[in-house]
Amino acid sequence: LDHLSDHSPFRLEDTPTWDTNIETGIEWGVKLAEKDAELFGKSKNPKGFVVITDGQAWSGDVAIALADARRRKIPVNVVGVGTIGGGLIPEPARADGTTPPPSVQATLDRESLRQIAAAGGGEYFEIGHEPDRDVAFQIIESVRRRALASVETEAEESREERQCEEPSD
């Protein structure tokens with residue numbers, strides 16, 4: 001991961017609340033996939049990203065990062081964590097060692113997360129309704145299924161191109 005960055009892209013100590021920067025996470029994931037291919041060659045294993053978030057306060061231009069991942073045929077699956085009722089997010093300790101009372105309410109934003117998954121060519125999953133292991137298996141199966149569908153689509157397009165190039169009598 002050394003080639004990605006020396007530190008977080010934003011100073012956490014300057015941010016009064018935690019932030020989910022999906023754009024930066026996907027950009028780093030794409031860089032990692034590119035570096036992996038550069039170092040070890042193209043892998044036959046399907047790739048996929050998993051974003052785990054409550055969907056609150058996501059920043060950045062997520063649409064551009066999602067389009068970039070789709071262009072590279074890397075689906076972005078989203079796992080929602082939290083509840084509709086939400087809960088208070090604990091504040092980090094201050095320099096003097098005291099911890100301020102929580103002030104930010106986090107709630108699960110299912111609709112936004114579903115939109116992100118759809119735009120990223122992936123699926124939406126949620127923690128808490130079934131065992132975590134089952135969710136993990138579903139994500140793996142989703143990535144495999146989408147990779148297989150992509151290979152089949154490419155093969156079909158290649159056949160159609162060859163048929164169009166063949167001279168007719």
Side-chain angles (χ1 to χ4, degrees), residues 1-40 43 45-72 74-143 146:
L1 299 177
D2 294 341
H3 70 283
L4 294 175
S5 186
D6 293 334
H7 53 76
S8 171
F10 48 91
R11 291 175 40 98
L12 295 176
E13 55 273 9
D14 291 344
T15 306
T17 63
W18 294 96
D19 192 19
T20 303
N21 193 322
I22 294 172
E23 175 192 18
T24 301
I26 293 170
E27 286 174 352
W28 283 9
V30 167
K31 286 179 186 178
L32 182 62
E34 288 173 349
K35 190 59 148 180
D36 183 67
E38 178 185 316
L39 293 173
F40 305 109
S43 171
N45 293 327
K47 292 176 179 47
F49 295 141
V50 179
V51 174
I52 303 172
T53 180
D54 61 6
Q56 290 286 296
W58 50 278
S59 61
D61 197 342
V62 178
I64 292 171
L66 291 170
D68 191 32
R70 268 190 103 136
R71 217 176 4 266
R72 297 167 195 276
I74 304 174
V76 177
N77 294 288
V78 180
V79 178
V81 179
T83 64
I84 298 297
L88 292 171
I89 298 176
E91 293 289 332
R94 295 179 181 146
D96 66 4
T98 62
T99 303
S103 61
V104 177
Q105 176 84 11
T107 59
L108 181 63
D109 185 354
R110 286 185 178 122
E111 188 53 37
S112 291
L113 299 180
R114 285 184 179 115
Q115 289 174 2
I116 290 168
E123 294 182 42
Y124 174 73
F125 302 91
E126 200 167 296
I127 296 294
H129 297 291
E130 54 194 305
D132 295 352
R133 178 180 293 192
D134 291 350
V135 173
F137 288 143
Q138 290 172 31
I139 292 169
I140 292 167
E141 182 56 32
S142 172
V143 170
R146 289 174 188 279

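Residues: numbered from 1 along the sequence shown.
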Can you check whether I116 reaches V51 side chain to side chain, under 4.5 Å on heavy atoms? no
Of the non-hydrogen atoms in A117 and Y124, which two are nearest, and what is the gap between them? CB-N, 3.7 Å
Do K31 and E34 sit within salt-bridge range, that is, some charged N less than 4.0 Å from a carboxylate O? no
Does a donor on one side chain sit under 3.5 Å from an acceptor on the other, for E130 and Q138? yes
Give me the atom names and distance for the closest heavy-atom approach of P75 to V143. CG-CG2, 4.5 Å
Is the shortest side-chain heavy-atom distance between I127 and I52 below 4.5 Å? no
Find the distance between CH2 (W28) and CD (E23) and round it off to the nearest 0.5 Å. 12.0 Å
State, with a plain yes or no, whether a side-chain heavy atom of E126 is found less than 4.5 Å away from one of L113. no
Shortest non-hydrogen contact from R72 toward V30: NE-CG1, 3.3 Å
Nearest heavy-atom contact between D54 and V81 is CB-O, 3.2 Å
Value for CD1 (I22) from CD (E27), rounded to nearest 0.5 Å, stands at 12.5 Å
For A65 and I26, work out which heavy atoms get closest and say how close. O-CG2, 3.5 Å
Run the numbers on I84 and R110 for side chain to side chain contact (heavy atoms under 4.5 Å, CB included), then give the verdict. CA-CA 8 Å; I84 298 297; R110 286 185 178 122; 3.3 Å; yes
Exercise: identify the closest heavy-atom pair between R70 and A119: CD-O, 3.0 Å
dist L66:CG -> F49:CZ (nearest 0.5 Å) comes out at 10.5 Å
Supply the atom-to-atom distance I74 CD1 to R146 CZ, rounded to the nearest 0.5 angstrom. 14.0 Å
When rounded to the nearest 0.5 Å, the distance separating OG of S43 from CG of D36 is 7.0 Å
Using 0.5 Å steps for rounding, measure from the CD1 atom of I139 to the CG atom of D134. 11.0 Å
